Amino acid sequence: MADARAEYRAAFCEGLRPPDPMTVSQWADAHRMLSRKGSSEPGPWRTARTPFLREPMDCLSPSSPWRRVVLMFGSQMGKTEVVLNWLGAVIHLWPGPALLVQPTLDMAKRLNRQRLDPLLKECPVLAELIAPARSRDSGNTMFLKEFRGGLFVLTGANSGSGLQSMPAAYLAADEVSSYPLEADDKGDPLENAETRTSTFPMGKVLITSTPGTRGACRITAEFESRSDRRQLAALMPCCGAREVLRWREHMKWDRPDGEVWCQCPACGERVGQHHKTSMLLGAEWQASAQGDGITAGFHLPGWYAPAGWHSWELIRDEFLRAKADPLLLKGWVNKRAAEAWEDEALAKVSADGLMTRAAAEPYASGTVPAGVAVLLMAVDTQDTWLEVSVWGFGRGEEAWLCWHEKIQGDPADLGADGPWAQVDVIRRTQWPREAGGVMTVRHCGVDTGGHFTQEAYEFCRARVREGVVALKGSSTKAAPALSRGSKVDVSWRGRTLKGGLLLYLVGGDSLKRTIYARLRRDGAGPGSVHLGQNATEEFCEGLTCERLVPRQVKGFQVLEWQKPSGARNEPLDLAVYCLALLELVKRRYNRATMWDQLERAATGGVSALPVAAAAAPAVAVDGTAPPRQRRRSRGGGGSSFVSSW
Ligand SMILES: [Zn+2]
């Protein structure tokens, strides 16, 4: 590499001349020839054919202040042309060391053969600048091309050594979502490549890709967390408004084989595809975020493709084919919508899907399905009400919601007229089993984390022998499902009992993952979740309102549970608490025989309540309370599998 080093130093010195004021798009219009080999439209390049590429290209010109350009594009929307035009202009006008990184060496080879060689041979101004290839150019970690005053290296992100070889004034990182997480144990390939540019204050970085899976997608992270998030606003022929076009909201069709049109977001007019050319010529990129001040980000879905490229009908047909299959749909969302795919573990579960599924399992509220071997109950303390869920669990932790209720009242009132009295009623109810007999709640967990901690403690303390336990959400991320229990002070009949109660911390983080994974399962069997007639719309919304969202913490990406502001997530919290209580049950049994024992106790008429035997007699409501009112699902999705598409 010694002579290469000397060459880029020379290149750097040449680069100190004031740069040519031409922009990349002007250069392309003046000099770029599209070859027969790599283009379906051979001949001179015309930026007017793909006007949305002008601004991204010009941000790469030395006259532009932007240092980094991020293109989150659908496939075949011109990303690579931006790379090639920039590279051509660099070689011709602003020579310096340039690095082009493809996901793999094989892809780099292919790009070299299909696009780069034709670019260099067929643009007359470039052909004369490129030195004839030497034998070492075909080295197996990279390709090296020399030109007057500069040097150009093409490599793969899977080659750690290729990425560490040279400083670069210009870096084009192509299809970064397909880069490996690490290259040859040498760390993050994108970061390594970008480090190459740090010694060039006037250097430029171009990062392009179709997106991948959210949370593991580099282009989405670049676009969302660093760039100014530009969206293309098309010029609407109907009313002259400039509007960003979204698939779900604006692209319409009557019949699956009919014409697709765009419903103008501004005036509602129906706009046909034949207007595309003028819509694109008049379009504007509109930034939607502050960004880091040096990164210009561009998001471009496939329905902005120019006339003659992939049509709206083609994209619709692909969409309809993909809709029912998460794998196909992921491809469509990445390649056409140019958006990150929400992976199962990260995606929102659909409330509609749960409603639809529950309609097919119509066991009544207040009855215990045959598979249930143990009933667990949780209480959430709010400011003006208590919220209660009773969940039944069976073999394989299959779960059935048996009761859900909001008990209005002041949680500070522990008396006979207060809401806690009703908690006792539910707790002691003998619920009728579908298979005959009755069953009572084995453990009741009370959330003590709200504004009524002492009242909740007091309630628990008086009922410890009846299986009531004090719970609190753990603030530690990787906390176990249920802690060992630690003693807390509790006020009791006017005095303080030191260490009078055991408080268990609940690891909601991992339990929510478990619950959301299980909610996606259809049918019966281990891990499946059933809601029956308890599945009101409000309950399903509450159960599904949270989602995992990636967030950067000190340079690391962490996933955090978030609920939309204003959403009521008590049904989810209560499910989390009941699943935590199941840990308490597991601790008292041999895991291998636990479900056998619980089932035998449930069916044998023997009380399954060793700890609560003393509390059994009170039967205050009959178990056949009226089933609650259900509302039909708001149309659509029989599938509970997630996506918002
Ligand atoms: Zn309009």
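The model shown is predicted, which means the values in this text are computed figures rather than measured ones. One-based numbering, in listed order, for ligands and for the atoms of each.
Formation of a donor-acceptor pair under 3.5 Å by the Ser350 side chain with backbone atoms of Gly353 is found in this model.
In this structure, Phe73 has no ring-ring contact (aromatic ring centres under 6.0 Å, His included) partners at least two apart in sequence or on a different chain. Under the rule for a side-chain contact (heavy atoms from CB on, under 4.5 Å), the partners of Leu314 that lie at least two apart in sequence or sit in another chain are His310, Ser311, Glu318, Arg336. Looking at residues two or more places apart in sequence or on another chain, you find a side-chain contact (heavy atoms from CB on, under 4.5 Å) between Arg67 and Thr197, Ile294.
Using a 4.0 Å cut-off between a side-chain N of Lys or Arg and a carboxylate O of Asp or Glu, Glu175 and Lys79 qualify as a salt bridge.
Classification of the Trp303-Trp247 ring pair by plane angle, with boundaries at 30° and 60°, yields tilted.
Protein N/O/S atoms closer than 2.8 Å to the Zn ion (ligand 1): Cys238 SG, Cys239 SG, Cys264 SG, Cys267 SG.
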